[in-house]
Protein chains: 2
Amino acid sequence: MAATAQPSADRSALRDAVSLRLQGAGQRRTPTRDAIVDVLAGAGRPVTIPEILDADDSLAQSSVYRNLVMLEQAGVVHRIVTNAEFARFELAEDLTGDHHHHLICVQCGAVEDAPASALIERAVHQAIDEVERATGFRTTTHRIDLVGLCVDCAA
Amino acid sequence: MAATAQPSADRSALRDAVSLRLQGAGQRRTPTRDAIVDVLAGAGRPVTIPEILDADDSLAQSSVYRNLVMLEQAGVVHRIVTNAEFARFELAEDLTGDHHHHLICVQCGAVEDAPASALIERAVHQAIDEVERATGFRTTTHRIDLVGLCVDCAA
DNA sequence: ATTCGTGCAAATAGTTTGCAGCAGA
DNA sequence: TCTGCTGCAAACTATTTGCACGAAT
């Protein structure tokens with residue numbers, strides 16, 4: 001399963017990597033930021049701000065919002081905007097080393113991770129090359145979402 | 001170029017197709033709705049509500065919002081939510097027969113269409129099959145975005 | 001001592017909605 | 001006539017921000 005929490009051995013390595021990026025952005029490592037990163041690392045899927053607040057009620061809403069903006073700029077987290085009421089956040093893929101796509105349920109708004117297949121990645125990169133040659137667009141990331149019904153809602 | 005306005009010959013065919021879907025959703029065809037569809041059809045890329053209002057200033061903001069919700073439910077338009085301040089709307093792909101992906105500029109928020117290559121579509125569908133078998137997720141659409149710098153912002 | 005993160009509460013802004021008038025069936 | 005679309009203005013809500021306090025350097 002791709003959607004399982006990391007073993008805690010990886011957790012401190014992750015924190016260090018995060019620390020490094022924060023320093024790179026001229027920012028400190030704080031308990032609040034560690035807590036947010038912990039929640040994201042433990043979720044195994046993109047989470048909303050209410051979910052983060054529920055997971056750790058020592059956090060203040062405004063601090064979570066503020067720090068997520070920060071962490072996004074520092075390249076630590078990635079913001080995912082869907083049609084659902086809340087935005088979702090996940091750790092940057094180059095921190096976790098886990099490139100994946102998203103399964104987005106149109107009914108309930110749930111978002112799950114799905115592992116990226118080598119096949120599709122190869123095809124995407126080829127397509128990116130084509131697009132760059134044709135349009136001059138400089139691609140830094142790509143995003144592939146499958147939109148449909150999750151197992152629960154399909155039932 | 002994929003990003004060019006349709007010839008006006010297609011325009012009436014498009015209106016008829018839209019008409020049909022509105023009827024299917026138990027809704028009328030109105031001048032406001034025609035106007036919105038026209039703007040979307042003429043743009044060649046996903047547009048924001050302010051852009052729609054600018055393009056046709058006989059439209060009231062609330063009506064545009066309300067009708068876009070309607071048109072989305074009727075399967076006529078598709079809402080695209082990005083990190084930018086405004087949501088964007090485009091005609092449903094199965095109405096225009098034009099499957100494409102998006103080039104999203106992280107700097108200025110511009111969104112352009114890019115034609116979908118056969119290669120990538122084949123790979124994606126294969127991946128979708130894998131995911132459905134593995135997870136039980138029922139995919140109805142997919143979405144591929146290339147995120148990076150547009151020609152202007154790369155300069 | 002000074003800089004920066006935190007938390008509360010207030011402000012902002014995209015989007016939604018109540019209601020009265022009007023148009024199409 | 002009657003249903004339902006329109007447009008104005010007011011309401012809503014996710015997110016942002018001002019400000020004063022506390023922590024870290």
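Proteins come first, then strands; the chains are lettered A, B, ... in the order of their sequence lines, and each starts at number 1. Please read these numbers as outputs of a predicted model, since none were measured by experiment.
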Selection: residues 27-38 of chain A, any non-hydrogen atom under 4.0 Å of DNA chain D: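 Listed by number, there are none.
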DNA chain D contacts made by residues 18-25 of chain A, counting heavy atoms under 4.0 Å: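 Output list: empty, so none.
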Residues from residues 52-69 of chain A lying under 4.0 Å of DNA chain C - heavy atoms: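 Those residues whose heavy atoms fall under 4.0 Å from DNA chain C, taken from residues 52-69 of chain A in numerical order, are A:Ser58, A:Ala60, A:Ser62, A:Ser63, A:Arg66, A:Asn67.
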ILVMFWY cluster membership beyond A:Phe137 - transitive side-chain contacts under 4.5 angstrom: A:Leu103, A:Ile120, A:Val124, A:Ile128, A:Val131, A:Ile144, A:Leu146, B:Leu103, B:Ile120, B:Val124, B:Ile128, B:Val131, B:Phe137, B:Ile144, B:Leu146
Could you check how far [atom1] of [X] sits from [atom2] of [N], rounded to whole Å?
X: A:Glu85; N: C:dT16; atom1: CD; atom2: P; value: 12 Å
X: A:Arg88; N: D:dA14; atom1: CZ; atom2: P; value: 13 Å
X: B:Met70; N: C:dT17; atom1: CE; atom2: P; value: 15 Å
X: A:Glu72; N: D:dT16; atom1: CD; atom2: C1'; value: 14 Å

Pair B:Arg79 + B:Glu90, salt bridge at N-O below 4.0 Å: no
Close side-chain approach of A:Asn83 to B:Glu72, heavy-atom, < 4.5 Å: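 When only atoms from C-beta onward are counted, B:Glu72 and A:Asn83 do touch, with a gap below 4.5 Å.
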Axis-to-axis angle between the two ends of the helix from C:dA1-D:dT25 to C:dA25-D:dT1 (five base pairs per end, rounded to 10 degrees):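 Here the helix ends are tilted 30° relative to one another.
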Under the salt bridge (charged side-chain N to carboxylate O under 4.0 Å, His left out) test, residues paired with B:Asp16 that sit two or more places apart: B:Arg29
